[in-house]
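Working notes for the structure below.
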There are 2 protein chains.
Amino acid sequence: MKSNHVTLKDIARILELSPSTVSRALKDHPDINEETKKLVKTFAEKVNYRPNALALSLRQQKTNTIGLIIPEIVHHFFSSVISGIEDIAYGEGYNVMICQSNENYQREVIDTQALIDHRVDGILVSVSKTTRDFKHLQNAYDNGIPMVFFDRIVEEIKTDRVITDDFLGAQIATSHLIEKGCKNILHLAAPQHLVIGSRRKEGYLKALEEHGIETDEDLIVKCDTREYVFSLQQHLMKLIEEKHIDGIFAVNDSTAIATMQALQAEGIKIPEQIKVIGFGDGPNADIAYPPLSTVEQKGYETGREAMRLLLQRLENPGIEINFSTKVLTPTLKQRKST
Amino acid sequence: MKSNHVTLKDIARILELSPSTVSRALKDHPDINEETKKLVKTFAEKVNYRPNALALSLRQQKTNTIGLIIPEIVHHFFSSVISGIEDIAYGEGYNVMICQSNENYQREVIDTQALIDHRVDGILVSVSKTTRDFKHLQNAYDNGIPMVFFDRIVEEIKTDRVITDDFLGAQIATSHLIEKGCKNILHLAAPQHLVIGSRRKEGYLKALEEHGIETDEDLIVKCDTREYVFSLQQHLMKLIEEKHIDGIFAVNDSTAIATMQALQAEGIKIPEQIKVIGFGDGPNADIAYPPLSTVEQKGYETGREAMRLLLQRLENPGIEINFSTKVLTPTLKQRKST
DNA sequence: ATGAAAGCGCTAACAA
DNA sequence: TTGTTAGCGCTTTCAT
């Protein structure tokens, strides 16, 4: 910030006008002389004048910036969400301040604080896996900053939300396996304190129930990352043998893909011996061998909707609108793994 | 920014002190009474006081924010870069303002402007594929904002840079194919106006030359995305047949993987009939079938180095340090595709 | 040990 | 039509 920056005052001084006149000229205020306007504008253009966003924000008590807290940018779902948010935000003149919590609670707390410190106009959040205490978010909320949760929501805080119908998605995925002839379906699940973890498990259970298949708690294994799969490989193989597993529903694509690789390494044929389905439909699903059947989760749409809900609050300050929850419905993407 | 925010002034008024005293107390100024300090601090704590970062930046002429312009967050390489940058930046008390150009020149210009408007202390850039005019960056540079280019650099602007040794990487990849017995090697190349595009091509040519293999311009095809591969599928198959292609070096992993899929769809066995190698080593390489041999490009390290170079400028303002170019050496990652 | 005042860059109510 | 002034939230020099 070494000041090679031209300020309003600089322009005023050089043009022998007052700062207010320059300010008004620049924004086409009706009662400024056309001559003056032209003079000021061409000069400002010439010296490449750009208003200081900090000063503007301070003055207007509005930053035109919204904060985003996201677990991990590397995940395709989340980076799609970012694109969705940005496309809407930019169109409305908002900037997006992206914070990556890295699935780390401490970092999330710090990020939230940083966003508050920067006086963002609103916050979009998907909480980290390790977050179990929500004081930091409650605090932002109490500060009067509009918030929208997406995907990994916090049920304790009442506000707008955008979620995927995880229950339905899991039900669709599981039913698909059943319809393909699977009888003993293993579920690789996310931590149950995450809403997506429990909802997807419930959808799985519901599908079994609907098809009159008895549930077996042993067939639900907490395992939601690629690394996790390989570390559990022995255990999983044993389970598959003992329980005659013929179908696997994994809580996300990368777990599903790693599982296929682990099984193939043990000589198991997919889909002939065991059918596998994931959840999310990132680009990996197409790359996997065989291409992975999965349930499509709309990241870009999630981002757009979240930003739209936030905008609604920002553009109607003070007006009480009932909180709404936008539910996106996932759809089956059948490929070769089922 | 609906003001539920407590200000210094608020505290001063309530505690019947002057704003300056409060300010000093909060930052442990030596000549403030211990009593007063305690009073102020506990009160500030109690009401959850947080200094307004905007006001601070305006006052100090320093935002402690650095700007990042990146082509596409969805690419693993770039999201790793972000992590590298953030890890260093956070450690030094800097925030990172991330802008995604989406490989779009116009957007890049706007993003650059937004960063200047926000008076970021420095900028890290990897230019978009469609950028051929650098006025916007030159402008930031002329404004006295320290800049570091990484990966997709701009040769016209003299400043610090972090790059992968693309020439060497391509040479390593191509030599590997040759050592594995390939005689007729196809190169799927990136646009030549991008430094990485031409460097990688040159490395490919160099390797051929070193091994006494005649080069053939027909074996260099501009094709650097998954979609591109499938749209060129017919053309590529014809080329492979006519030229007896037995090895393919693709400018990036996703192009390499798509190529393997296209070939396999035509019944070609990999690596038996044709060996394929990529560049970059994202997680997709492990997921591909067969797992893709590639050359490792260190995203996280790139980010760290870029941020370190920038920090060096920021912490030594005014001091002229010669610009340096940090070159990261890629290493061969052999898997099953070669 | 504390306070008053000025100023970072900008806008807007009020004056002229 | 233009200028003066105050103030957004904060720090810091200069008084007291």
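Quick note on labels: first sequence line is chain A, next is B, and so on, each numbered from 1. If you're wondering where the values come from, they're calculated on a predicted model, not measured in any experiment.
Using a 30° and 60° split on the angle between ring planes, A:Phe78 and A:Phe150 fall in the perpendicular class, above 60°.
To the nearest angstrom, C1' of D:dG9 lies 14 Å from CG of A:Asn52. Between the P atom of D:dC8 and the CG atom of B:Leu8 lies a distance of 13 Å, rounded to the nearest Å. We find that CD of A:Gln60 is positioned 12 Å from C1' of C:dG9, with the value rounded to whole Å. Across the protein-nucleic acid pair, B:Asp117 atom CG and C:dG9 atom P stand 14 Å apart, rounded to whole Å. The CD-P distance, from B:Gln61 to D:dT12, rounds to 12 Å in whole Å. C:dC10 atom C1' lies 11 Å from atom CZ of B:Arg119, rounded to whole Å. Protein atom NZ of A:Lys27 is 18 Å distant from nucleotide atom C1' of D:dT1, rounded to whole Å. Spacing between atom CG of B:Leu56 and atom P of C:dG9 amounts to 15 Å, rounded to whole angstrom units.
For the OP1/OP2 pair of C:dC10 and a distance below 4.0 Å, the side-chain nitrogens and oxygens of A:Tyr49 include at least one atom meeting the criterion. Applying the 4.0 Å criterion to OP1 and OP2 of D:dC10, one finds that B:Ser23 has every side-chain N and O outside that range. For B:Ser18, a side-chain nitrogen or oxygen approaches OP1 or OP2 of C:dG3 to under 4.0 Å. Residue B:Lys9 places at least one side-chain N or O closer than 4.0 Å to OP1 or OP2 of D:dC8. Under 4.0 angstrom from either OP1 or OP2 of C:dT2 there lies at least one side-chain N or O belonging to B:Thr36.
When each of B:Pro51 and A:Ile32 is assigned the nucleotide of DNA chain D with its nearest heavy atom, A:Ile32 is the one assigned upstream, toward the 5' end. Along DNA chain C, the nucleotide closest to B:Leu17 and the one closest to B:Ala55 are compared, and the more 5′ of them pairs with B:Leu17.
Counting any heavy atom pair closer than 4.0 Å across all strands shown, A:Thr7 reaches sugar-phosphate atoms only and no base atom. Contacts of B:Asn33 with the nucleic acid, taken as non-hydrogen atoms under 4.0 Å apart, involve only primed sugar atoms and P, OP1 or OP2.
Side-chain contact check for B:Asp10 and B:Thr7: at least one donor-acceptor pair (N or O, by modelled atom type) lies under 3.5 Å. Side-chain contact check for B:Asp87 and B:Tyr300: at least one donor-acceptor pair (N or O, by modelled atom type) lies under 3.5 Å. Side-chain atoms of A:Ser20 and A:Ser23 form no donor-acceptor pair, as typed in the model, at a separation below 3.5 Å.
Taking the six-membered ring wherever Trp is involved, the centroid distance between the rings of A:His136 and A:Tyr105 falls below 6.0 Å.
The base of C:dG9 is not paired with the side chain of A:Arg50 by any donor and acceptor separated by under 3.5 Å. The base of D:dT4 is paired with the side chain of A:Ser20 by a donor and an acceptor separated by under 3.5 Å.
The side chain of B:Leu58 sits closest to C:dC8 out of D:dG3, C:dA4, C:dC8. For B:Arg24, whose side chain is taken as the heavy atoms from C-beta onward, the closest listed nucleotide among D:dT4, D:dT12, D:dG9 is D:dT12.
A heavy-atom distance below 4.5 Å is not found between the side chains of B:Arg304 and B:Thr302.
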